[in-house]
Amino acid sequence: MNFSFQVTNPQCGQESPPVCVRASDIAPTACTACALGRCAAPQRMLMRRDLTTVYGTGSVSSLYPYVKYGPSAAITYGDSAIGDAFPLKVYSPAWVVKKIGQSTTFPSKANTLSVTVATNVPLVRDSTVTISGLTGSATPDGQLSLADVDSSGFGSYFSSTGTWSSKSGSLVVTVVQDTVAGTQYVFSFTLTNPACPQGPLNVTITSSPLCLPTVLMCQDMVAPAASAVGFYMPAPGDAQALFVKAWSFLVFNAWQKNPYPGAANALHFEFLA
């Protein structure tokens, strides 16, 4: 006898539980008559597990060499090993990539924040991704537009807007279609920098209902693009999310046109902040 049925895996990772089989009330024969109290009842037994199936893997075009796909399995990510076909063995969800950066350190300016995420298991439809700790922004509560960056596919798997809460500095994004594990999704959104300077923040990311841990995001330590004016030169670390520098004068010059006694004189002043 061979049959199958479908279940939904738990939200958290787990090892395969023991699976047992037993039978009772087997149809009586001449020597096993239930009326005589001799119904057959074989001993309960631990079922044999699949020790031969190893899901095939192939390399992924990624900076992270341990990201692999399993095209012959129901999964699309993982380092295949004997035991992956054990009943109800479930991978532990984890963040593979969780990076954030910004476009400017100028106070009170519109700041484009870019986020890159990838997980080792698919994020299921209707789950949420929450980024927290972006405090100090002048952007009020509401819905923020989310833009797909570099055609990463973000727009096909995530909502086009996110719910922004200024007090906690959190952005909640909804998954609209099961994501592909190991794939990097890149998106951006815009906040208004605070008017006063502040140092780099501890920004975290989490997701539910899958048991993904709440972890610190990696800050972009590459210097953002140089100012078009040519006076301000960004430094490494300026791309850390909502890092705002104190404003100061970069140019502060004063001069006159005429030093002659009793002559009309034009005084000139030049400032650049």
Side-chain angles (χ1 to χ4, degrees), residues 6-16 55 57-81 84-85 88-101 113-134 143-165 168-189 202-220 241:
Q6 190 168 18
V7 299
T8 299
N9 283 340
Q11 308 286 4
C12 302
Q14 66 176 28
E15 293 301 318
S16 173
Y55 297 136
T57 61
S59 297
V60 172
S61 177
S62 170
L63 296 175
Y64 303 87
Y66 53 85
V67 177
K68 295 181 179 179
Y69 286 90
S72 64
I75 58 170
T76 52
Y77 172 91
D79 290 318
S80 291
D84 283 355
L88 288 183
K89 175 180 178 179
V90 179
Y91 287 167
S92 294
W95 297 100
V96 179
V97 184
K98 67 280 190 217
K99 185 172 71 172
I100 189 169
L113 287 92
S114 298
V115 175
T116 305
V117 294
T119 52
N120 68 330
V121 296
L123 297 176
V124 296
R125 180 179 179 180
D126 294 330
S127 62
T128 58
V129 174
T130 303
I131 298 171
S132 302
L134 295 169
Q143 294 295 308
L144 298 183
S145 296
L146 309 177
D148 192 344
V149 176
D150 297 331
S151 301
S152 68
F154 173 85
S156 299
Y157 295 90
F158 295 85
S159 56
S160 59
T161 61
T163 302
W164 168 250
S165 300
S168 60
S170 63
L171 178 71
V172 180
V173 182
T174 302
V175 178
V176 298
Q177 178 177 295
D178 289 5
T179 65
V180 179
T183 295
Q184 297 184 56
Y185 298 100
V186 189
F187 68 97
S188 66
F189 58 97
N202 290 325
V203 183
T204 62
I205 188 170
T206 190
S207 182
S208 64
L210 294 186
C211 297
L212 276 158
T214 300
V215 295
L216 283 173
M217 299 191 73
C218 298
Q219 296 277 11
D220 189 347

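We use all heavy atoms of the structure for the numbers below, so side chains are in, but hydrogens, waters and symmetry mates are not. Heads up: numbering here begins at 1 and tracks the sequence.
Shown here are the side-chain contact (heavy atoms from CB on, under 4.5 Å) partners of Ser168, two or more places apart in sequence or in another chain: Ser165, Ser170. With sequence neighbours excluded, the residues forming a disulfide bond (SG atoms under 2.5 Å apart) with Cys211 are Cys12, listed by chain and number. Checked against side-chain contact (heavy atoms from CB on, under 4.5 Å), Asn202 has the following partners two or more places apart in sequence or in another chain: Leu216. When the ring pair (Phe, Tyr, Trp, His ring centres under 6.0 Å) test is applied to Phe189, no partner is found at least two apart in sequence or on another chain. Annotation: side-chain contact (heavy atoms from CB on, under 4.5 Å) contacts of Val186 (sequence neighbours excluded): Thr116, Val149, Ser152. Legend: residues meeting side-chain contact (heavy atoms from CB on, under 4.5 Å) with Asp150, ordered by chain and number and at least two apart, are absent.
The shortest non-hydrogen separation linking Gln14 to Leu88 is NE2-O, 2.9 Å. The heavy-atom pair separating Leu212 from Thr119 by the smallest distance is CD1-CG2, 4.1 Å. Between Gly133 and Val203, the shortest heavy-atom distance links the atoms O-CG2, 4.4 Å. Among all heavy-atom pairs drawn from Gln177 and Ser156, the shortest one is CB-O, 3.9 Å. The shortest non-hydrogen separation linking Pro93 to Leu210 is CG-CB, 4.5 Å.
Under a cut-off of 6.0 angstrom, the local environment of NZ in Lys99 is sparse, with at most 12 non-hydrogen atoms contributed by other residues, nucleotides or ligands.
Residues Val173 and Tyr185 have side chains not in contact (no heavy-atom distance under 4.5 Å, counting atoms from C-beta outward). The side-chain heavy atoms of Leu171 and Leu113, taken from C-beta on, include no pair separated by under 4.5 Å. In this structure, Thr204 and Met217 have side chains that are not in contact, with every pair of non-hydrogen atoms separated by 4.5 Å or more. Between Leu123 and Ser207, some side-chain heavy-atom pair lies under the 4.5 Å cut-off.
Rounded to the nearest 0.5 angstrom, Leu144 CG and Thr161 OG1 are separated by 8.5 Å. In this structure, CH2 on Trp95 lies 6.5 Å from OG1 on Thr206, to the nearest 0.5 angstrom. Taken to the nearest 0.5 Å, the OH atom of Tyr91 stands 9.0 Å off from the CG atom of Asn120.
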Assess whether ring-ring contact (aromatic ring centres under 6.0 Å, His included) is satisfied between Phe187 and Phe158, documenting all intermediate values. CA-CA 10 Å; Phe187 68 97; Phe158 295 85; 7.1 Å; no
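A donor-acceptor contact under 3.5 angstrom links the side chains of Ser208 and Thr128, judged on distance only.
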